[in-house]
There are 2 protein chains.
Amino acid sequence: MTPRTTVPPVVLDAMGGDHGPAETVAGAVAAWRTHHVPITLVGDEPRVVAELRRHSASGEIAVVHADDAVPMTERGAGAAALAASSLAVGCDLVGRGLGGAFVSAGSTGAVVSCAVRGIGRAAGVLRPALAVALPALTGGASVLVDAGATADPSPAMVAQFALLGVGYARAVLGRPDPTAGLLSIGSEPGKGNRLTCQSAELIAASPVRFHGNIEGHDVLTGVVDVIVTDGFTGNVVLKNVEGCVRTALTMVAQAGIASPDRLAEVARRYDPQTHGGATLLGLRGTVVVAHGSSRAATIARACVVAHALAAQDPAAGIGAGLEGAATRP
Amino acid sequence: MTPRTTVPPVVLDAMGGDHGPAETVAGAVAAWRTHHVPITLVGDEPRVVAELRRHSASGEIAVVHADDAVPMTERGAGAAALAASSLAVGCDLVGRGLGGAFVSAGSTGAVVSCAVRGIGRAAGVLRPALAVALPALTGGASVLVDAGATADPSPAMVAQFALLGVGYARAVLGRPDPTAGLLSIGSEPGKGNRLTCQSAELIAASPVRFHGNIEGHDVLTGVVDVIVTDGFTGNVVLKNVEGCVRTALTMVAQAGIASPDRLAEVARRYDPQTHGGATLLGLRGTVVVAHGSSRAATIARACVVAHALAAQDPAAGIGAGLEGAATRP
C-alpha cells in the first residue's frame, strides 16, 4: 500500500472505547505511519491535539472537533442527545463524502444509531447488521451476521442479513459463491423458534445459496461461509465463543498439559483484540466497530480493515444482491 | 446406595436415541447391576426381550410393551400420532405413579410433548424447561435453563425458568441460596432484546436472588449458579459450548502443543456423552433427556441421576418457590 491514495481518509472516533483518546490517537498515528492509512480524528480538539503532540504528530493528522463523547454505557439514546458527539460528527463527515469509512470503539448501540442517521442505509436495506469474521477450524473463516446490531429483527430483516453476509464474504473473504446457514436448534427444516422458521422460508426463496439450518456446534467448523442469525443470538454466540475458547485453554494450562505461553498463539486467534473489529453492513459507507477494550494496535488494525473495505466498496455488490429479494418489512 | 429402595423404578424408553434398543437395554442392565437402580423398560417387547437375553437379564428387568418408536427426526407431532409410542406409554406410567422418573434419549421435542401430556405440569408452571449442568472454570457447575424445551417463551415463562433453575440448583447441586443471571447482550440493566428486557423486570420482582444480566463470555465462568435464558438461545449456547471447547482442544493438538490423549480429560468434561442428561423441570415427575447419541454408559448414568432426583423430589421445592411469583401467562 502506498502513502498516496484516492480513497478518502478513515474517520476515527478519538473519544470511543475504554481507553480513548490516548489509545485511539496512538492507533491513528500507527495506522498512518506504519500502514499509510490517511486518518481524520474526531473528538475534543484540545485533548486530541495534546495526545498527538505526545507522538510529535500534531501536523500529520487532521482533527475535527466534536463537543461531546458518548459514554460507553450509552445504549443508543435519542439522536438529539448524541448530535454533538464524536460519533455523530464523524458519521456526518462520511455521509457527506469527506471520509471513506468510520471507525469507533464506542458503544455498538450508539455507533449503529449515529451511523444509520449520519451515513444512511443502502437502498432497500431494512436494518443494518454487524459482521464478524470467526476463524474456522478448517483454516479459513466464517462470517457471523448479525453479531449485535439489531436485537429484534423481523424474518425479512434476517433474510437480508443473509444477503448482506454473502456480499461481505464475496468482497472481504474472496469467496466467489458463498454458502449461508441459518443458526437454529436442529438441522432439520422446520426446527427453530418462530423467527428462524419464518426466516428460513424467506432465505430459501432468495438468491442466497442456502445450506439450511446449522447448530451451535457448527459455528467454528467452517461448514458454511456465512452464519446467519438475529443480533441477540449472534452477540451471545460471539461472546460465548470467546469465553469458551479462553476457558478450554485455561483448563489445559491448569491441568499442567501445556504452559500458558505455548497456548497464547491459539488464544490470540479468538481474542476480540485481534479481530480488528466488526463491520456494520447495509449502510452507504463502511463502518467498523472495534471492541470497547481496544488498545492502539487494535485500533490501527481496524483502520486498515476499514480503509481496505472502503477501497473495495463491498456495499455496491450488497446493494445489488438485495434488489427484489426479501425487502418487505 | 442399597439394592432395595422405596422409590419406584426409573422408566426407561428402550426405543429412544440413535442406538436403541441395543444400547438402551445395555444401559438398563448396567444401571441395575452396577448401580442398583430399579428399571422398567418400555418398547417393542420382542426386540427388548431379545436384547435382555443377550445380557442374560430377561428375568431381572420388567418390560412394558409399546407399539411404536418415535423417529429421531420427529419434532413433536400431534399427541395422537405419538399415543402408542414408547415415550407416551412410559410417561403415562410415571403419571400413574408406577415409575418415579422417566429417561429417554429420544427427540427432545417429542419427549417434552409426551411428558407434558402424560406426566403433567407442576401446579402453576406455564411451560417446562430443560436444565443442563455446565462445568464451571471454578470447579463447580452452573445450571443452564432453558436449554431447549420452550423455543418461544413469554417473559413470564422466562421468569419461571429462573425459579425452576434455582430449585434445581438447591436440590441437585446443593447450593443453599443460588444466584441467577439472565443471559443477554450487555451487563447493564436494559440491555437485551424485548424478551430479556421484560423478563429481567419480572425476575427482579420475584423471590429469585437476581444477579442481573450476564453475557455469552460468562457462561463457563461460574459467576452465577443459574444461567436463565429462552429455550432457543439456551440450546444454541449449549451446543456452541460443546463445539468451541472441542475446536480449541483440536487446535491445541494440531499446533503440536499437546497430544490428543493428554487433552482427552479436558474434552470429556464438556462431552455431551458425559453430561448424563438434561433434566426437564416443571413437571409432576422427574424426566431426564439423554443425548441422542448416547451409548450404554451414558444411559446408565442418566438412570442414576433420574433415580437420585426422584428420591430428592426437587419438584416439591420448585412448586413452592413458584407460588405467587411470575405465574401470569
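Here is the naming used below: chain letters follow the sequence lines, and residue numbers restart at 1 for every chain. Just the heavy atoms: all of them, side chains too, but no hydrogens, waters or symmetry mates, feed the values below.
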Atom pair CD/OG of A:Glu188 and B:Ser107 - distance to nearest 0.5 Å: 8.0 Å
Chain A contacts, top residue of B:His217, B:Glu215, B:Arg262 (heavy-atom pairs, under 4.5 Å): B:His217
Nearest non-hydrogen partners of B:Cys244 and A:Val245, listed with the distance: O-CG2, 4.3 Å
A:Asn193 side, atom CG; B:Thr233 side, atom OG1 - distance, nearest 0.5 Å: 7.5 Å
Quiz: residues 247-254 of chain A side-chain donor-acceptor pairs under 3.5 angstrom, not counting sequence neighbours:
{"unit_1": "A:Thr247", "atom_1": "OG1", "unit_2": "A:Gly243", "atom_2": "O", "d": "2.9"}
{"unit_1": "A:Thr250", "atom_1": "OG1", "unit_2": "A:Arg246", "atom_2": "O", "d": "2.7"}

Which atom of B:Leu183 lies closest to which atom of A:Phe232, heavy atoms considered: O-CZ, 3.5 Å
Interatomic distance, B:Lys239 atom NZ to A:Ile185 atom CD1 [nearest 0.5 angstrom]: 7.0 Å
Sorted by number, residues from residues 137-152 of chain B in contact with chain A (heavy atoms, under 4.5 Å): B:Leu137, B:Ala151, B:Asp152
Residue pair B:Asn240 / A:Gly216: nearest heavy atoms and the distance that separates them: OD1-O, 3.0 Å
Minimum heavy-atom distance A:Val236-B:Ser184, with the two atoms named: CG2-O, 3.8 Å
